[in-house]
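Okay, structure first, notes after.
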Amino acid sequence: MTGKYTEENTQPSMMSDKYKKINQSVLIRSTGNLPGGTIKCRIRGIAGRTHLVEIISDDPKAEPQYLECVKAGRIISKNKNSSMTAVGDIVAVMPGKKKKGKITTPKIMMIAPRQTTLSRTSIKTEKREHVIASNIDKLIILAAAASPRYNKKLLDRFLVSAELNGIEPIICINKIDLEEIEYLKENLAIYSALGIEIYFISATENIGVDEFRKSIEGYSSVLSGPSGVGKSTLLNQLLGDEVQAVSEISDRTDKGRHTTSAVRMFDLQDGVSTIIDTPGIREFGVWGLSREELHLYFHEFDDFNQLCKYSACTHTHEPYCAVKEAFIEELINDERYESYLNLYETLPDLRIKS
Ligand SMILES: Nc1nc2c(ncn2[C@@H]2O[C@H](COP(=O)(O)OP(=O)(O)O)[C@@H](O)[C@H]2O)c(=O)[nH]1
Ligand SMILES: [Mg+2]
Ligand SMILES: [Zn+2]
């Protein structure tokens, strides 16, 4: 049995809500009625125009069923200012129909509002949200003890982004076979002090992987981090090889170009947990946050925020700033404070200039 689309995701259409053209190929409107016969699916991979989706079944024991589909010309979606589709999205798909002896490609008719997203600023324009993955519970921030050594500024960007989007972050330091564990624990102690889960593992030596797996069991997770830190190696440890093959997808319809999906969803062997693999990122621009709000995501500032002389203190240059004083007195970790200043510079300033 497959789920029909009749629930909260579809809302009665509003008179004023017309389809709007957002680019050359798609018209969207934010609400509306779906035609009969659509089925509820989850996007597992996107390569070019091709979307690999899994049919969401009411029966948890049913064999998984997959479809390759494309976006319909008219879509019901609230994603006007963000990636139209993303891995993890719940969608309504109209199955292929017989036409002149051929079967038409199934089409995505509606994208359900996203519960959570892992987003970054778009490479093309800062005004658009680039959604890496959606509807996830946990963000696994994978970094390496060495080659390449973790970058705390990048960890901090991921942490801010996770909290901003309501995703629970987990820091996972791989390749601990290459560094003294005591040193690592001390160097990263600030994160456990902030209440963030942190694991020390070696994917090749299979150290700490089972313990780490327990932290993601029962959840939808997304795996992110720079390239070379061991994402593929860790995935292979977490999954059986045969499970991986299922999500292979490439766009064969694009003339000449053959793209493979960089972001893909996999199932853990327990049959409930999922993990989304993402390509290695070098830079990560936090999306949807202004400079003025940033300090709310650095929780070691919580005790000092209210004590600054100026209520709109940005904790960067103002006199009588309690946060800065705490930093000078070494009550606030110096690398975290530097990270704050660094991130602050990259975020938009929303104050009205007079
Ligand atoms: N020493 C060591 N090397 C590792 C470990 N995990 C992965 N590697 C190596 O790091 C390199 C990059 O791994 P890969 O999984 O491709 O990283 P990805 O780019 O994040 O997917 C490979 O040569 C792996 O064998 C580890 O725990 N210890
Ligand atoms: Mg890889
Ligand atoms: Zn201040």
Side-chain angles (χ1 to χ4, degrees), residues 40-57 63-71 79 82-91 93 105-106 108 111-112 114-120 123 130-142 158 165 167 170 172 174 203 209 212-213 216-217 219-254 257-282 284:
K40 188 174 176 177
C41 301
R42 181 184 290 112
I43 299 178
R44 301 193 50 122
I46 304 170
R49 340 170 354 188
T50 306
H51 292 67
L52 179 75
V53 304
E54 179 184 1
I55 298 174
I56 297 173
S57 169
E63 274 291 302
Q65 274 185 285
Y66 301 93
L67 287 174
E68 282 193 6
C69 40
V70 296
K71 282 179 278 196
N79 306 337
S82 69
S83 313
M84 179 59 71
T85 49
V87 171
D89 276 349
I90 303 295
V91 294
V93 172
T105 311
I108 296 172
I111 297 134
R114 293 167 177 147
Q115 302 299 311
T116 60
T117 57
L118 175 64
S119 304
R120 57 187 294 184
I123 303 153
H130 175 91
V131 179
I132 301 167
S134 76
N135 301 324
I136 45 217
D137 307 307
K138 298 202 177 193
L139 166 64
I140 306 156
I141 308 163
L142 193 69
F158 271 120
N165 290 293
I167 309 168
I170 305 173
C172 190
N174 187 31
V209 175
F212 167 71
R213 184 193 284 110
I216 59 168
E217 266 169 7
Y219 296 99
S220 310
S221 305
V222 57
L223 177 61
S224 202
S227 64
V229 298
K231 290 188 296 300
S232 303
T233 314
L234 176 61
L235 259 179
N236 283 326
Q237 285 279 7
L238 294 171
L239 314 163
D241 289 340
E242 71 278 13
V243 191
Q244 278 216 42
V246 171
S247 279
E248 283 303 336
I249 154 179
S250 65
D251 190 17
R252 291 176 293 261
T253 45
D254 257 5
R257 218 154 42 96
H258 194 81
T259 45
T260 46
S261 179
V263 181
R264 287 183 298 171
M265 183 186 285
F266 299 100
D267 297 313
L268 291 195
Q269 274 150 336
D270 62 10
V272 268
S273 321
T274 57
I275 185 161
I276 296 173
D277 188 22
T278 66
I281 47 105
R282 236 179 311 158
F284 185 86

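Heavy-atom basis, side chains included; hydrogens, waters and symmetry copies ignored.
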Side chain to side chain contact (heavy atoms under 4.5 Å, CB included) filter on E54, not counting sequence neighbours, yields R42, R44, P64, Y66
Over all heavy atoms of both residues, which pair between V93 and C69 is shortest? Give the atoms and the distance, please. CG2-SG, 4.1 Å
Applying side chain to side chain contact (heavy atoms under 4.5 Å, CB included) to T233 and not counting sequence neighbours gives A203, T204
Straight-line distance of S134 OG to N165 CG, nearest 0.5 Å: 11.0 Å
Shortest non-hydrogen contact between V87 and R264, atoms and distance: CG1-C, 4.4 Å
Is there a donor-acceptor pair under 3.5 Å between the side chain of D89 and the backbone N or O of I43? no
Mind checking salt bridge (Lys or Arg N to Asp or Glu O under 4.0 Å) for R213 and listing every partner two or more places apart, or none if nothing turns up? D210
Strictly distance-based, threshold 3.5 Å: is any side-chain N or O of S227 a donor or acceptor partner for the main-chain N or O of G280? no
Check whether any side-chain heavy atom of I276 sits under 4.5 Å from a side-chain heavy atom of L223, and report yes or no. no
K71 side, atom NZ; T50 side, atom OG1 - distance, nearest 0.5 Å: 11.0 Å
Spacing of S221 atom OG and L139 atom CG [to the nearest 0.5 Å]: 9.0 Å
What closest approach, in Å, do G225 and F158 show between heavy atoms, and which atom pair accounts for it? N-CZ, 4.3 Å
Got a second to check how far I167's CD1 is from N135's CG, nearest 0.5 Å? 10.0 Å
Just wondering, do H51 and V91 contact through their side chains at under 4.5 Å, heavy atoms? no
Does T278 use its side chain to pair, donor to acceptor, with the backbone of V263 at less than 3.5 Å? no
Going through the checks in order, is the side chain to side chain contact (heavy atoms under 4.5 Å, CB included) test met by S273 and I216? CA-CA 7 Å; S273 321; I216 59 168; 5.9 Å; no
Distance-minimising heavy-atom pair for S119 and V131: OG-CG2, 3.9 Å
Among residues at least two apart in sequence or on other chains, which ones pass salt bridge (Lys or Arg N to Asp or Glu O under 4.0 Å) with K231? none
Applying side chain to side chain donor-acceptor pair (under 3.5 Å), can you list everything that pairs with D277, at least two apart in sequence or on another chain? none
Carefully, step by step, assess L118 and F284 under the rule side chain to side chain contact (heavy atoms under 4.5 Å, CB included). CA-CA 11 Å; L118 175 64; F284 185 86; 4.1 Å; yes
I90 CD1 to C41 SG distance, which is reported to the nearest 0.5 Å: 9.0 Å
Would I275 and L238 satisfy side chain to side chain contact (heavy atoms under 4.5 Å, CB included), going step by step from the backbone distance to the final call? CA-CA 9 Å; I275 185 161; L238 294 171; 3.8 Å; yes
Residues that T105 engages under side chain to side chain donor-acceptor pair (under 3.5 Å), provided they are two or more places apart: none
Quick check against the 3.5 Å criterion: does T116 have a side-chain atom that pairs as donor or acceptor with the backbone of I136? yes
Roughly how far, to the nearest 0.5 Å, is the CG atom of L142 from the CD1 atom of I170? 11.0 Å
